[in-house]
Amino acid sequence: MIEIYHLYKQYGSESEGTALKDISLVIDRGEFVFIVGPSGAGKSTLMKLFMREIVPTRGSIKIFGRDITKLKNRQVPFLRRNIGMVFQDFRLLSDRNIFDNVAFALQVIGTPKREIRKRVPTVLEMVGLKDKALKKPDELSGGEQQRVSVARALVNRPAVLMADEPTGNLDPQTSAGIMDLFHEINIRGTTVIVATHAKEQVDRMQKRVVILEGGCLVSDQERGVYSNAY
Amino acid sequence: MHIRSLLYFFGEALKSILRNGWMSLASIAVVAITLLILGSFMVLNRNVNEITQHIKEDIQIVLYVEDEAPEEVQLELQQKLVAHPEMQEVRFVSKSEAMERLIDRLGDQAHLVEYYMNEESNPLRHSYELRTRVPEDVPQVAQELETYAGVDYVDYGSGVVEPLFQFTGVVRWVGFLFMGGLALTAVFLISHTIRLTVYIRRKEIMIMKYVGATEWFIRWPFIFEGLILGFVGSLIPLFIIQQGYQSAVMWMQENIYFISMLHPEAVMDDLVKTLIPLGMILGVLGSGISVRRFLKV
């Protein structure tokens, strides 16, 4: 589903350092992959490359069999409709209620209202927030806000869900709840890629772990752990 | 564009206008003030043009025929004048008609020229009153006519005509420059005002980009917003100018009656056709420029 070959990314001049060096990685449909590593390891750069927010300096990224580095700018939105994205800071719109925040992702791709009314409650139920649909984001806890952001990423039924430090702003217990939610989503067939440095969560989940360090891929283990690597 | 999307864009634009009430008012004010100045200047310019056009149309060349010129020379002269490509109107004034006009003008004092009234003693000359197609060509044509055989001399009010043409030329160019400058200023100001509303909504735009909204889908609500702000902004100066111009026309009629101003309806008709589309174009340009910057996610 996602194939990366000899990927390099360099910001600015060579002296400023290379964000990613010669990364090759294949992620199959239905996998759950943690991308871990200390700050500055290149996790976020990799996520941005997947979303085609930036383009690599060298190498190729194939998603759904297509080299996304060769996409034209106007084709990018259609790639993103197949990738749900969750951020550390939730990125919810504070002036709208939870229902509208989730519905927003469907509205802006032109989904009919009837369909929106059907899909949003279903996805809110899945993340356990069905009865909070009319609340505003600031009336919710951090964990609940992150669940809203997961619901928004999922409502369009993407093939891949990507999360960049999704538990960075949450306490351990709430983090565990979010990770369990990702696991549940993965069981239903969605490929899940989580960039994080939450060691205890990674170790607990027993999933594939890809470790980046200084822009290089240093380890790729099935049912791996993060803690032992350091 | 799908009707559902159209309604969505329009609704989003309205919501945004209401949500950023003060900012929207500021944008409307900018459009209104700019168009008020622009519109007033247009009205002034049109009236000045109208008055100078009247003056220009009155400019004519008077060509006096040499008294001793033989008849065939006079006939050839007439043919040449009529066939002249720049000539719009050629009117022959015989010496007896010229005398009648003089008597008319003298009124009570007509007896002063009594002696000159008969054909032999009439000292006046046959002449031609000529109008060119383009009033600005008068000096040049007059010079050419002086070289024709049978011509005594040519008069066209030289010394008055040239400065008049210079003046109207300057008025026109200054008008164009001024209006162009104002339009640019308006785009600049509106783009800055709308940029603030775009900036307030940058998070929304970013989310839209991440969930796969196309650039045009993001752009349209802002374009509609600019369109609405521009439209509302153009109605205000139209109303003010209409009221102001009507009063001005009435005042002129009462006080300076010899200068006739254009009819308010004619002026407003043109102004509506210009200011409303212009306001909308300014609004769209302003919002278009602003939103471009935030689309790069």
Side-chain angles (χ1 to χ4, degrees), chain A residues 47-48 50-55 68 71-87 89-96 100-116 123 137 148-164, chain B residues 1-25 194-227 287-297:
Chain A
M47 298 303 248
K48 282 182 183 164
F50 285 151
M51 289 298 277
R52 188 37 171 77
E53 228 179 287
I54 51 175
V55 284
I68 65 160
L71 284 186
K72 293 197 175 81
N73 277 345
R74 60 184 163 79
Q75 294 172 310
V76 173
F78 302 96
L79 164 77
R80 292 184 183 168
R81 289 178 193 189
N82 284 302
I83 305 174
M85 188 76 196
V86 175
F87 303 93
D89 56 359
F90 323 137
R91 300 195 184 171
L92 300 177
L93 298 169
S94 54
D95 59 337
R96 298 165 201 224
D100 289 341
N101 261 284
V102 177
F104 186 64
L106 292 175
Q107 271 170 359
V108 301
I109 58 167
T111 311
K113 263 197 178 145
R114 200 167 2 98
E115 189 67 21
I116 294 175
V123 77
V148 178
S149 124
V150 173
R152 184 182 61 199
L154 284 180
V155 74
N156 189 30
R157 298 173 184 159
V160 189
L161 180 74
M162 292 192 193
D164 192 5
Chain B
M1 195 189 294
H2 202 282
I3 185 84
R4 189 177 60 231
S5 306
L6 200 75
L7 286 175
Y8 172 79
F9 296 145
F10 195 73
E12 283 301 302
L14 276 182
K15 262 192 246 169
S16 168
I17 288 172
L18 295 176
R19 207 180 292 148
N20 309 305
W22 285 109
M23 208 50 82
S24 308
L25 269 182
I194 293 186
R195 181 170 294 175
L196 280 167
T197 78
V198 175
Y199 182 77
I200 291 165
R201 294 175 67 183
R202 68 197 182 283
K203 194 172 169 188
E204 202 178 318
I205 295 175
M206 191 170 61
I207 295 167
M208 285 167 104
K209 295 279 297 186
Y210 277 120
V211 298
T214 58
E215 289 203 352
W216 275 106
F217 194 94
I218 299 172
R219 215 174 261 161
W220 275 117
F222 290 103
I223 290 178
F224 272 65
E225 189 174 338
L227 208 68
S287 59
I289 292 169
S290 309
V291 82
R292 267 176 74 106
R293 273 192 54 217
F294 289 91
L295 276 176
K296 291 181 186 128
V297 177

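Quick note on labels: first sequence line is chain A, next is B, and so on, each numbered from 1.
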Take B:W216 and A:R74 through the side chain to side chain contact (heavy atoms under 4.5 Å, CB included) test and state the conclusion after the steps. CA-CA 10 Å; B:W216 275 106; A:R74 60 184 163 79; over 6 Å; no

Using side chain to side chain contact (heavy atoms under 4.5 Å, CB included), reason through A:I83 and B:Y210 one step at a time and then give a plain yes or no. CA-CA 9 Å; A:I83 305 174; B:Y210 277 120; over 6 Å; no

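Taking NZ from B:K209 and CE from A:M85, the interatomic distance works out to 15.0 Å, rounded to the nearest 0.5 Å. To the nearest 0.5 Å, atoms CE (B:M208) and CZ (A:R80) are separated by 13.0 Å.
A:N156 is not listed as a side-chain neighbour of B:V211, based on a closest heavy-atom distance of 4.5 Å or more.
When atom types are taken as modelled, the side chain of A:R91 and the backbone of B:K203 share no donor-acceptor pair closer than 3.5 angstrom.
What you find for A:I109 and B:A213 is that their closest heavy atoms are CG2-N, 4.2 Å. Shortest non-hydrogen contact noted between B:F217 and A:V108 is CE2-CA, 3.2 Å.
The contact between A:D95 and chain B is made entirely by side chain atoms (from C-beta outward), counting heavy-atom distances below 4.5 Å. In this structure, chain B has heavy atoms under 4.5 Å from both the backbone and the side chain of A:P112. Neither the backbone nor the side chain of A:L79 comes within contact range of chain B, judged by heavy atoms closer than 4.5 Å. Only the side chain of A:R96 comes within less than 4.5 Å of a heavy atom in chain B; its backbone stays farther off.
In terms of heavy-atom pairs under 4.5 Å with chain B, the best-connected choice from A:Q107, A:M51, A:K113 is A:Q107.
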